[in-house]
Visitor: 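Okay, here's the structure, questions in a sec.
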2 protein chains.
Amino acid sequence: MSRKGRKEQILQEASHLFSHKGYHGTKIRDISEASGILSGSLYAHIQSKEDLLFEITDRGGDAFLDALRPIVESEAPAEEKFRRGLKAHVRVIAENLEAATVFFHEWKALTDERRKIIQEKRDEYEALWARILDDGERRGEWQLTDAKFTRLLLLSAANGLYQWYRPEGDLTPEEIARRFADILLNGVAGKKGERTIGGCEQV
Amino acid sequence: MSRKGRKEQILQEASHLFSHKGYHGTKIRDISEASGILSGSLYAHIQSKEDLLFEITDRGGDAFLDALRPIVESEAPAEEKFRRGLKAHVRVIAENLEAATVFFHEWKALTDERRKIIQEKRDEYEALWARILDDGERRGEWQLTDAKFTRLLLLSAANGLYQWYRPEGDLTPEEIARRFADILLNGVAGKKGERTIGGCEQV
DNA sequence: GATCAAACCAAGCAAGCGCTTGTTTTTTGG
DNA sequence: CCAAAAAACAAGCGCTTGCTTGGTTTGATC
């Protein structure tokens with residue numbers, strides 16, 4: 001197989017195995033077997049097992065950042081940013097479920113510098129969401145009683161999606177994101193207010 | 001050291017290591033070293049490394065179930081159950097942070113039957129929350145547009161707490177639970193309505 | 001169809017893994 | 001104070017780990 005194709009295949013198999021068995025629970029021979037080559041032959045394509053983990057998590061981080069950044073930097077109202085951001089977030093998870101799982105669940109297995117790089121991307125992602133929340137407050141679209149706490153709850157809920165999202169489920173990523181936003185903006189009871197844009201009116 | 005004391009110490013050290021480095025990332029010699037004995041001496045107290053993981057996760061599951069069950073089975077209004085349930089949930093995490101982390105993060109490393117036991121406890125816990133949500137709907141305290149989705153979001157947010165809760169933080173577990181409930185019931189903007197009991201009025 | 005680099009295989013190394021065994025030390029109860 | 005029991009040690013076994021090495025096959029290029 002061609003160099004690039006094989007490398008991508010290895011990354012995909014590694015994502016699959018890491019997301020299901022964890023980084024330390026996945027052995028280099030598991031990856032080679034899934035890739036259809038011997039374990040020694042892997043090292044024509046990678047330098048180390050940890051390289052695989054880093055590349056998967058690093059790409060995952062970039063996917064989230066690249067999706068959210070343009071939304072944050074746009075000129076839309078905060079609630080629209082909020083809803084578009086959630087839509088982007090859900091879509092990234094839906095389209096890269098295994099990589100996203102590794103990004104959220106296994107990044108701590110990285111050592112030192114590489115772990116720090118991923119940590120920084122996670123921090124940056126959190127900061128982007130903080131900007132959205134802060135933006136809405138400055139524009140008077142909402143008043144948060146505790147911005148930091150709100151951000152943590154929002155991210156916990158959103159980042160937990162990888163644990164239950166299944167592509168064969170009956171909700172599309174867009175619908176998931178909309179319900180997500182409705183609940184977070186208006187509460188679980190789905191109170192409809194003047195503040196809601198593109199809410200759950202068709203349900 | 002006495003048999004019981006040593007065993008508890010080993011469980012605690014294992015919880016600490018598992019929660020920070022993961023089950024597969026923690027070696028039996030790490031645990032013995034942290035416990036101040038040689039690795040072989042561990043086996044006077046445990047039967048296997050996996051026994052430790054099972055005991056930690058099993059106790060964790062029981063802690064959550066024992067805290068929530070009496071609340072669900074009480075006769076209080078649904079919103080009170082909701083708030084008391086969240087308070088119990090946060091308290092269990094706060095008082096058993098490392099065990100809770102292992103329960104949420106490492107239980108999948110268990111093999112077969114034991115994994116199934118933990119899975120069933122997780123399912124039961126989720127079902128208890130479903131009863132609370134359903135209860136509020138039957139009593140007319142709220143109308144959920146999607147009960148299953150609401151439950152998943154609620155649990156994602158609540159279960160994610162172990163990732164950012166720090167005992168040295170400035171919010172007490174009770175305050176965390178109250179803000180949690182306020183946001184989930186009324187939305188991030190903290191709209192105060194007739195539905196709110198014991199809300200964030202003192203903030 | 002000779003060339004040559006990329007891709008792969010076959011074999012295995014050094015280190016580390018979970019755990020066992022046989023022995024010594026420490027604790028405990030009469 | 002002594003014997004039984006519990007706890008810990010010292011040593012290492014059989015296996016697996018991530019990775020390396022040296023040689024062979026494959027496939028594109030001229």
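Here is the naming used below: chain letters follow the sequence lines, and residue numbers restart at 1 for every chain. Everything numeric in this text was worked out from a predicted model, so none of it was measured.
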Visitor: Scan T26(A) against the nucleic acid and name what it touches under 4.0 Å (heavy atoms): base, sugar-phosphate only, or nothing.
Guide: sugar-phosphate
Visitor: Take S48(A) and R29(B), find for each the nucleotide of DNA chain D with the closest heavy atom, and name the residue whose nucleotide sits nearer the 5' end.
Guide: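 That would be R29(B).
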Visitor: Taking only side-chain N and O atoms of R6(A), does any of them lie within less than 4.0 angstrom of OP1 or OP2 on dA6(C)?
Guide: no
Visitor: Using every non-hydrogen atom in the two residues, find where F103(A) and W107(A) come nearest and quote the distance to one decimal.
Guide: O-CD1, 3.1 Å
Visitor: Can you name the side chain to side chain contact (heavy atoms under 4.5 Å, CB included) partners of P70(B), sequence neighbours left out?
Guide: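 P70(B) satisfies side chain to side chain contact (heavy atoms under 4.5 Å, CB included) with no residue once adjacent residues are dropped.
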Visitor: Show every donor-acceptor pair shorter than 3.5 Å between a side-chain atom in residues 149-161 of chain B and any protein atom, with sequence neighbours excluded, or say none if there are none.
Guide:
{"residue": "T150(B)", "atom": "OG1", "partner": "D146(B)", "partner atom": "O", "Å": "2.7"}
{"residue": "S156(B)", "atom": "OG", "partner": "W164(A)", "partner atom": "NE1", "Å": "3.3"}
{"residue": "S156(B)", "atom": "OG", "partner": "L152(B)", "partner atom": "O", "Å": "3.0"}
{"residue": "N159(B)", "atom": "ND2", "partner": "L155(B)", "partner atom": "O", "Å": "3.4"}

Visitor: Between the protein and nucleotides 22-27 of chain D, list every N/O to N/O distance that falls short of 3.5 Å.
Guide:
none

Visitor: Heavy atoms only: give me the nearest E137(B)-L144(B) pair and the separation to one decimal.
Guide: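 Scanning both residues, the minimum pair turns out to be OE2-N, 2.9 Å.
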Visitor: To the side chain of K49(B), which of dC8(C), dG18(D), dG18(C) is closest?
Guide: dG18(C)
Visitor: What residues from residues 51-59 of chain A pass a heavy-atom cutoff of under 4.0 Å to DNA chain D?
Guide: none
Visitor: What parts of residues 33-42 of chain A reach DNA chain D, counting only heavy atoms under 4.0 Å away?
Guide: S39(A), G40(A)
Visitor: Partners of R69(A) by side chain to side chain contact (heavy atoms under 4.5 Å, CB included), sequence neighbours excluded?
Guide: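 Residues passing side chain to side chain contact (heavy atoms under 4.5 Å, CB included) with R69(A): L65(A), D66(A), E73(A), E124(A), L128(A).
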Visitor: Could you tell me whether the phosphate oxygens of dT17(D), OP1 or OP2, come under 4.0 Å of any side-chain nitrogen or oxygen in H24(A)?
Guide: no
